[in-house]
Amino acid sequence: MQQSLVHRPFSPMLLAQSETPPTGNYLAQVKFDGHRCIFSYNGNDVRLFTRELNDCTQQYPEAQFRMPVRNVVLDGEMIAFDEKGKSCFDSLMTRFHCSKDSTIRSFCSYMKSIPSHFFAFASFVGI
């Protein structure tokens, strides 16, 4: 029996340089200035992992939401927006570098003023 990838950290797919653009029908995505994360949901709880495979779940408590499916892994980015609607990497990194529960709890008012959002760009359902 194959073991599920849910809640097991794995590296996200990274960009590769190419000399020529690919041919065919492609969609473009907006590039936000965010923090790359793997979002993992097993039907009960969410875990977030960095591209370096570190668990960063506690830094983003607002990413704890239920999905309509069990066993899903999403590749995406955590993004924080400033009051003008522009992605704000510095605000996001300030939150990310809080690793103790007490520090994160004291950041509650900050999290309400600049909440983070998860933007998925690849999904693996039922794995």
Side-chain angles (χ1 to χ4, degrees):
M1 182 169 141
Q2 186 176 358
Q3 188 177 8
S4 172
L5 291 175
V6 174
H7 286 358
R8 290 181 53 215
F10 62 92
S11 297
M13 184 171 60
L14 301 176
L15 295 175
Q17 186 172 354
S18 174
E19 295 297 321
T20 59
T23 59
N25 294 326
Y26 290 91
L27 295 175
Q29 72 182 43
V30 175
K31 172 60 179 118
F32 291 110
D33 198 7
H35 181 225
R36 187 75 177 268
C37 284
I38 296 291
F39 173 101
S40 175
Y41 178 70
N42 68 358
N44 294 313
D45 60 352
V46 170
R47 301 272 303 276
L48 295 167
F49 300 97
T50 67
R51 64 189 256 184
E52 292 83 20
L53 310 181
N54 297 313
D55 189 322
C56 62
T57 307
Q58 66 180 359
Q59 282 90 343
Y60 304 108
E62 64 269 50
Q64 302 297 313
F65 54 86
R66 294 199 172 278
M67 301 281 291
V69 296
R70 290 185 57 190
N71 298 336
V72 63
V73 175
L74 303 172
D75 184 3
E77 284 189 313
M78 294 302 292
I79 311 290
F81 296 101
D82 64 17
E83 59 280 348
K84 296 178 183 174
K86 185 176 177 185
S87 59
C88 185
F89 188 73
D90 290 340
S91 296
L92 197 67
M93 286 296 97
T94 300
R95 291 183 52 169
F96 177 72
H97 290 294
C98 294
S99 58
K100 295 181 181 177
D101 284 339
S102 59
T103 309
I104 292 169
R105 279 193 300 274
S106 70
F107 245 54
C108 279
S109 62
Y110 182 74
M111 285 188 251
K112 288 178 183 173
S113 66
I114 303 181
S116 65
H117 306 274
F118 183 77
F119 284 79
F121 41 77
S123 64
F124 310 93
V125 179
I127 57 175

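The first residue in the sequence is number 1, and the count goes up from there.
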- [ ] Please test V46 against F39 for side-chain contact (heavy atoms from CB on, under 4.5 Å), starting from the C-alpha separation and ending with a verdict.
- [x] CA-CA 7 Å; V46 170; F39 173 101; 3.5 Å; yes
Open item on the list: What I'd like to find out is whether the side chain of T50 reaches to under 4.5 Å of the side chain of R36, using heavy atoms alone.
Closed with: no
Open item on the list: To the closest 0.5 Å, what do you measure between SG (C37) and CD (Q59)?
Closed with: 9.0 Å
Task: Pairwise distance CG(L48) to CE(M78) - rounded to 0.5 angstrom - done: 6.0 Å
- [ ] Nearest 0.5 Å please: distance from the OG atom of S116 over to the CG atom of L92.
- [x] 6.5 Å
Open item on the list: Could you measure the distance from the CG atom of D75 to the CZ atom of F121? Nearest 0.5 Å is fine.
Closed with: 4.5 Å
Open item on the list: For a 4.5 angstrom cut-off between non-hydrogen side-chain atoms, does F49 reach N54?
Closed with: no
Task: Polar side-chain atom of N42 near backbone of D45 as donor-acceptor pair, under 3.5 Å - done: yes
Open item on the list: For C88, give me all partners under side chain to side chain contact (heavy atoms under 4.5 Å, CB included), at least two apart in sequence or on another chain.
Closed with: D82, S91
- [ ] Sequence neighbours left out, what passes ring pair (Phe, Tyr, Trp, His ring centres under 6.0 Å) with F32? Give chain and number order.
- [x] F81, F119
Task: Sequence-distant partners of D55, salt bridge (Lys or Arg N to Asp or Glu O under 4.0 Å), two or more places apart - done: R47
Task: Heavy-atom check, side chain of H35 versus side chain of E77, under 4.5 Å - done: no
- [ ] Would you indicate whether the side-chain heavy atoms of I38 and V73 approach each other to under 4.5 Å?
- [x] yes
